[in-house]
Amino acid sequence: MRHLLIDGVVLFNDFVLLYFIALNATYLFLFFVSLIEVLKFVKRTFFSDYEHILASDLTWPISILVPAHNEEKTIVETVRSLQMVNYGEFEVVIINDGSTDRTLRNLVEAFELRRLDKVYRRSIPTKNIRGLYGNLMMPNLIVIDKEKGGKSDALNAGINVAKFPLFCSVDADSIIEENALLRVVKPFMEHPLEMVAVGGIVRIANGCSVHEGRVTDIRLPDSALPIFQVVEYLRAFLTGRIGWSVMRSLLIISGAFGLYKKSEVIEIGGYDSSSDTEDLELVVRLHENCRRKRAKYRIVFVPDPVCWTEVPTNMSVLIRQRNRWHRGLLQSLWRHKAILFNPRFGIIGAFAFPYFLFFETLGPFVELLGYVAVTLSVVLGIINWEFFFLFVALAVFYGVFLSIAAILLEEISFRRYPGWLDLTKLVVYGILENFGYRQILSLSKVQAFWQFLRHRRGWGDMQRGGFRKRGPGAAGAA
Amino acid sequence: MTQPFVLSTAGVYDLVVNVLWTVSTVFLFLLVVIIVNKAWRESREGFAERRRAEMEPALFRYVMGTEPVEKFIPSGVSRRDWLVLEKVFFDLLRVARGNVNTRAREAFESLGMVDHYAGQLDSRRWWLRAEAAEKLGLMASERPTRRLIEAMTDPIPEVRIRAAQALGGIGTPEALRPLVGALRDAGRWSAIRVGGMLIAAGDDAVDVLLEEFRNLPDAARISAIDIFGRIKSLRACRLLLDLLKDPAPDLRARAAYALGMIGDPTNAGALAGCLGDPEWSVRAMAAKALGRLRETESVPALSAALSDPQWWVRANAAEALRGKGGAGQDALLHVLDSDDPYAAQQSVQMLQESGVLDTFVGMLVSTAAGEQTRALGVMAKLVKLRRIDLLTEVARDHPDRMVRQRLAALLGLPAPVA
Amino acid sequence: MTGTKAGGKIVVADDDPIVLKFLAALLKDAGYEVTTAEDGEKALSRIREAQPDLVIMDLVMPYHDGFEITRSLRNSPATRQLPIIILSMKDRESDVLRCFELGADDYIRKPFNALELLARVKKILDRRPAGA
């Protein structure tokens with residue numbers, strides 16, 4: 001019996017090592033792809049031509065959709081800051097998704113809105129719309145009042161009412177960078193017929209000073225948990241998303257900010273309410289649809305910061321958030337399992353999907369079981385120090401390497417954290433991240449997997465009802 | 001007793017360990033790079049700022065004066081100083097024009113900057129070529145036009161785009177011709193970008209476009225048409241009116257749209273004719289265009305278009321009527337009686353958005369002959385159409401009590417409290 | 001509040017540093033006394049402190065935009081007559097009209113012509129009653 005156990009552990013040890021070698025090789029590959037792209041991008045934009053885009057009448061107008069549920073304290077300020085966005089022609093569409101507080105009242109009072117009998121196309125079925133509000137002096141502001149249906153439903157209602165060919169979905173508590181629209185519309189101007197969706201970099205607002213909807217002073221957060229997330233986001237965006245985008249298999253555009261071609265989204269029936277991460281699900285379905293119709297299309301990521309969002313400062317809230325992301329990822333993977341290794345889906349089927357399946361999904365299990373195996377080995381007295389050393393190096397130090405690499409990328413490109421102290425903090429936390437923080441998140445992903453198997457859905461019990469604070473979506477580079 | 005790896009031969013193990021050593025070294029190296037890079041950059045920026053603070057006031061005086069620029073520059077300027085100088089001038093060009101422009105251009109020439117960057121267009125490093133093209137564009141000198149035209153065929157897209165932009169800024173027919181040519185090349189050039197550059201060049205671009213129009217393929221023609229519209233070129237109207245009868249529906253639709261952007265009311269008749277086009281996109285664009293013209297002869301045709309089977313045509317026609325003053329209002333009011341529910345709904349929205357309904361609400365208490373009756377009539381129609389969201393709110397909030405009472409009665413609501 | 005007749009105090013507010021520096025140099029050379037402000041907040045406090053004879057400001061600035069500041073200057077009796085020149089890149093008709101509705105005296109588009117601007121400034125400041 002003990003013999004079998006020992007054999008099993010040894011075999012597992014080898015599997016773990018090979019697994020992590022494969023995983024880290026993939027990360028390294030993604031990193032290099034991203035590095036080259038970021039360097040090219042930085043060189044490309046040393047004189048920004050955003051003024052040209054702003055001035056160009058040929059730029060497509062954009063509808064900004066903001067689903068809101070119980071945001072009475074901040075909604076008016078959010079709208080005001082959106083109205084000041086740097087862009088030519090755009091409209092702001094607020095969807096009041098069955099708020100039970102003064103959200104609607106505050107809007108009506110602040111902007112002197114009245115009910116209007118507008119005509120719009122019901123392209124996507126949604127929960128009942130109770131009324132439309134506007135102000136004749138402000139033709140570019142519309143408020144939709146509807147029954148509660150969740151974020152997806154609210155966005156779909158917004159899509160129905162929006163009048164422009166492009167729409168961008170924005171969280172009510174996100175802060176949009178001034179030039180965000182200019183940055184994300186650029187790909188649409190380069191390839192207007194092919195471009196379907198564009199995402200950008202999401203930054204963390206904790207610790208930054210915000211005034212009237214603009215981030216005025218950029219600083220690292222004070223407490224540890226958000227700083228860990230800062231490093232994580234840097235890694236996920238700068239070394240992950242960009243790489244995927246270059247390889248034409250970007251599956252995640254942050255729910256906090258994304259620009260989409262309306263007609264394409266209507267074609268697939270809008271957002272899906274039954275998904276925990278409707279942004280991921282939307283992008284996967286967009287890919288699927290475009291490939292099915294054999295259209296030449298692009299879904300890209302602009303390596304430019306577009307949006308700031310607040311992240312959880314409380315561990316339990318963070319875990320709930322990551323649970324939801326992971327569950328959503330699993331749901332989408334399962335729902336679209338036909339993509340896996342399917343030649344019709346090109347590189348997505350050959351590389352992206354398998355990556356998410358073998359590494360993102362399986363990863364936490366392998367990692368945790370790896371820790372168990374090490375413990376067992378010690379207990380059984382068969383600890384192989386070579387294995388132990390290698391395992392720690394591959395599973396842990398590699399993460400440090402990636403974090404530092406991401407911080408370097410940030411330093412040479414955007415330099416949003418210019419101070420020496422901040423830089424040092426980032427490096428330190430980048431190292432510390434792998435001694436505890438990452439392991440806890442892996443645990444939560446395992447938990448999410450069980451929840452997924454048991455069909456547990458929904459947001460759980462959140463501190464703020466309704467729309468949860470957003471992040472980069474499911475999965476980052478772990 | 002330790003177990004050896006089942007799979008690992010000494011070779012694999014060594015390989016993995018070597019990789020890890022490499023990774024650690026790279027990691028340390030990265031740390032060093034971060035630190036060095038940051039320190040170096042900070043010192044460079046600090047220097048540049050100081051130099052700028054020193055040189056800037058003199059340059060401002062140069063720009064507002066008449067003496068040659070050499071008098072305002074300290075002798076013995078280094079390459080880094082040139083960059084500071086450039087930045088000051090480019091910043092100025094961004095916010096000021098007129099004499100600032102002229103003086104800056106003189107400085108660029110006499111300091112040899114134009115020649116320097118014209119030469120840099122031949123650099124082997126692409127980002128230097130792109131930089132050269134960009135800066136030549138900002139300097140807007142005609143001399144390097146030939147070389148910029150060549151740079152438009154550069155293998156690197158960044159260089160091509162900047163060269164094209166530079167040519168657009170120069171604006172001479174010689175410079176603009178290759179841009180028009182770029183409209184053809186959908187693979188290498190984004191029509192939107194090139195279009196933007198030609199629009200910025202304004203009337204100068206119109207001549208070249210009119211000349212080349214016949215030689216352009218259909219896709220490029222559409223871009224050209226858009227450009228005529230944005231430049232609001234009256235000279236292009238003749239061509240556009242001809243295009244309204246072109247066999248390609250896309251061209252017809254775009255030409256209609258462009259005529260709307262140009263805004264000349266004498267084209268209304270032709271556009272009204274397009275409201276009968278077999279293609280719905282053409283009808284929709286014609287309706288939209290008519291909305292932009294200040295005239296009323298198209299009102300009957302637009303009213304008829306309110307019953308078009310296509311949603312977009314109806315919506316655009318209603319929007320157009322909204323801007324047609326009294327005649328348009330009458331047409332919209334008339335449509336309230338229509339059998340077509342969609343048309344009627346569109347009119348309601350337009351009447352609301354143009355404030356006409358508010359006027360009628362006010363007329364509910366009017367003493368002028370027949371006005372009350374008229375107003376009541378309109379309200380009744382809205383009730384019949386069940387488009388009463390706005391009215392319901394007004395019945396509650398209107399400052400005039402009589403108005404509130406009348407509306408409440410109409411809507412079948414309980415009488416408002418005093 | 002009193003400058004010499006040929007001079008005058010001007011507050012320039014814009015979040016673009018080149019505009020601030022250039023206008024300051026321009027106006028100082030022309031004999032005016034210039035105070036600068038990089039955002040809406042500073043603009044209001046400088047105006048309060050310096051009590052200028054003319055304000056030149058941009059529309060888009062952090063903390064308070066040009067519209068707000070114009071409105072609040074016109075609402076206060078001390079600054080109701082204070083000449084205001086708006087200097088902005090926005091050129092939509094609605095924005096321009098709104099500026100005048102709120103009480104601005106002049107609207108200059110960016111990129112601006114330096115000599116024209118000087119002429120307009122001179123015209124406004126020469127109209128002041130001496131010693132007012």
Side-chain angles (χ1 to χ4, degrees), chain B residues 45-46 48-67 69 71-72 83-107 137-140 169 171 199-200 202 230-232 261 263 292 294 323 353-355, chain C residues 7 10 12-39 43 56-62 66 85-95 97 101 106-123:
Chain B
E45 279 170 8
E49 260 178 52
R50 281 193 302 276
R51 269 320 252 164
R52 182 169 176 152
E54 281 164 24
M55 291 170 64
E56 206 170 44
L59 292 174
F60 287 160
R61 280 199 298 277
Y62 158 73
V63 147
M64 294 305 293
T66 49
E67 297 183 280
V69 66
K71 284 202 165 174
F72 297 87
L83 288 174
V84 170
L85 202 91
E86 266 177 27
K87 190 111 202 336
V88 175
F89 278 125
F90 289 149
D91 277 347
L92 276 176
L93 285 176
R94 198 167 34 84
V95 298
R97 56 187 169 85
N99 64 319
V100 171
N101 255 342
T102 332
R103 291 292 276 167
R105 300 235 170 98
E106 277 169 30
L138 290 169
M139 296 193 253
I199 291 173
R230 302 286 174 176
I231 297 180
K232 300 198 192 304
M261 296 291 283
R292 291 206 163 103
R294 286 191 190 288
E353 285 180 8
S354 57
Chain C
I10 308 182
V12 179
D14 196 315
D15 59 345
D16 190 339
I18 186 69
V19 173
L20 280 183
K21 287 188 281 185
F22 184 50
L23 279 185
L26 205 61
L27 295 168
K28 279 194 186 125
D29 270 356
Y32 303 106
E33 206 183 303
V34 180
T35 322
T36 57
E38 315 87 76
D39 60 54
I56 303 178
M57 70 178 158
D58 193 1
L59 281 180
V60 179
M61 281 188 289
I85 297 182
I86 302 281
L87 181 66
S88 174
M89 236 186 259
K90 280 184 186 273
D91 66 349
R92 269 191 285 200
E93 191 182 280
S94 50
D95 293 318
L97 290 177
E101 272 166 38
D106 204 352
Y107 189 102
I108 302 181
R109 283 185 177 78
K110 280 195 231 175
F112 61 88
N113 185 316
L115 295 170
E116 251 179 55
L117 184 135
L118 278 176
R120 289 177 198 248
V121 166
K122 183 165 188 299
K123 174 167 155 232

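In what follows, every heavy atom counts, from backbone to side chain, and hydrogens, waters and symmetry copies are set aside. Letters go in sequence order (proteins before strands), and every chain restarts at 1.
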Exercise. If you look at every heavy atom in F22(C) and M64(B), which pair is closest and at what distance?
Worked result: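 Reported closest heavy-atom pair: CZ-SD, 4.0 Å.
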For this session: For V88(B) and I18(C), work out which heavy atoms get closest and say how close.
Result: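 V88(B) and I18(C) have their closest heavy atoms at O-CD1, 4.5 Å.
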Exercise. Does K122(C) NZ have over 12 foreign heavy atoms under 6.0 Å away?
Worked result: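 Check fails, neighbour count at 12 or below.
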Problem set entry | Which atoms of L26(C) approach chain B - backbone, side chain, both or neither, heavy atom under 4.5 Å |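 Contact with chain B involves the side chain of L26(C) alone.
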Part of [X] lying under 4.5 Å from any heavy atom of chain C:
| X | result |
| --- | --- |
| V100(B) | side chain |
| L59(B) | neither |
| R103(B) | neither |

Problem set entry | Separation between NZ of K110(C) and CZ of R97(B), rounded to the nearest 0.5 Å |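 The distance works out to 13.0 Å.
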Problem set entry | Candidate pair R52(B) and K21(C), rule side chain to side chain contact (heavy atoms under 4.5 Å, CB included), full reasoning | CA-CA 12 Å; R52(B) 182 169 176 152; K21(C) 287 188 281 185; 3.7 Å; yes
Exercise. Do you know which of P111(C), A114(C), A25(C), P17(C) has the most heavy-atom pairs with chain B at a distance under 4.5 angstrom?
Worked result: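 Looking at each option in turn, the highest pair count goes to P111(C).
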Exercise. For the candidates V19(C), L117(C), L115(C), which exhibits the highest count of non-hydrogen atom pairs separated by less than 4.5 Å from chain B?
Worked result: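 Between V19(C), L117(C), L115(C), the count favours L115(C).
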